[in-house]
Amino acid sequence: MELPAGLIFALRNASKPLVLTGAGMSAESGVPTFRDAQNGLWAKFRPEELATPEAFNAHPQIVWDWYTERRENIAKVQPHAGHHKLVEMEQYFGNLLVVTQNVDGLHQQAGSADVVELHGNIMHSICSKTGRPIESDWINSNPGRPPASPHHPLGLARPAVVWFGEQLPAGAMDRATAAALACDVCFSIGTSTLVQPAASLPFIALNAGAVVIEINPVPTSLSRSAGFSLQATAAEALTSIMANLTDGK
Ligand code: OAD
C-alpha cells in the first residue's frame, strides 16, 4: 500500500515507540471484534449479560460456557503477519512496548517481548472471591462449570479478564500512561477508541508531542487528530511500513 509522505521519515527519527492495539489487531487471525456491526461479539450478545460481575454472580454457568467457547476458538488461531511485523519493529527499534486491550495473548505468541494486557488474559483463571490465580491444572481436573475455587469456600473460578465496572490489573494503566507520556511515536491499531481508560492513551501521547499513527479500515474519534491515519488492515499496513522502514528507501 502507498504510505503517506513523511510517515517513514517520522519513524526513522523515532527511538521510543509505543503500540496500542484493540480487537481489530486480532481480526485477521479470526478472532471476532466487539463492535463490528455483523460479526462483532456485542452485535450478537449483550455485554451486560456476559461481561459483568453481576452477570457472573447471577448466571455463572452461562458466563463460564461463553468464555470457554471463546477460549476454545482462540486456542485454534495463530498470530498473523501484522503480529509478526510488530516483532520485526521491536528488533528495528531495539525496544517496543505493546499495550493491548486484547485478552487473546497473540502478541506474546508472535514473540513480542514487552506486552501490557490492560484487560487481562482469557486463558488465565482467578478466584471470584479473592482474585488469586487458579492454575489450569485445577480447572482441567475439577468438575463444574465453573469449577469451585481452591482459594475460598464460596469462590468460583472465573476468567482473568476485566469486566465492565471492574478495575484494570494493578499497575497496567500506570505503565501505559507513563509510556504514552514518554513515547515519540505512538501507533493505535485496530481499536474503535471508545472504551476508557484505554481510549485516552493515544490522546495523552498526542498532547505530549508524539507522532500518532492510526491503523484502522474505518475512521474513529482519533482519526482527525492523528498525524497519520491509515485506513487499512493491521497486516496490510504493518507489512508495508516494515518493508519501507527496513529497505532503506
Ligand atoms: P472494537 O470492536 O470496539 O473495535 C475494533 C476496531 O478494529 C474497529 O474500529 C474496526 O474498524 C477495527 N478493525 C476491524 N478489522 C481490522 C483489521 N483487520 N485491522 C485493523 N483494524 C480493524 O474493539 P476494541 O476497540 O478493542 O473490553 O474494544 C475495546 C474494548 O471493548 C475491548 O477490549 C472489550 C470491549 O468491550 C472489555 O471487555 C473490557
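We count residues from 1, following the sequence as given. Just so you know, ligand 1 is whichever comes first in the structure, and atom 1 is the first atom listed for that ligand. What you see is a predicted model, and the numbers here were worked out from it, not measured in a lab.
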Salt bridge (Lys or Arg N to Asp or Glu O under 4.0 Å) contacts in which one or both residues fall within residues 154-177, not counting sequence neighbours:
D114-R175, R158-E166
Counting only N and O atoms by type, is there a donor-acceptor contact under 3.5 Å from the side chain of W138 to the main-chain atoms of A148?
yes
Group every Ile, Leu, Val, Met, Phe, Trp and Tyr by side-chain heavy-atom contacts under 4.5 Å, then state whether I189 and L7 land in the same group.
yes
State whether the side chain of S240 and the backbone N or O of M1 hold a donor-acceptor pair below 3.5 Å, judged by distance alone.
yes
Residues pairing under salt bridge (Lys or Arg N to Asp or Glu O under 4.0 Å) where one sits in residues 80-96, two or more places apart or in two chains, turn out to be K85-E88
Pocket residues around ligand 1 (non-hydrogen, under 4.0 Å) come out as G22, A23, G24, A27, E28, T33, F34, R35, W42, Q101, H119, V162, F164, G190, T191, S192, V195, N216, P217, V218, T233, A234
According to the ring pair (Phe, Tyr, Trp, His ring centres under 6.0 Å) rule, which pairs have a member within residues 92-132, sequence neighbours left out?
H83-H107
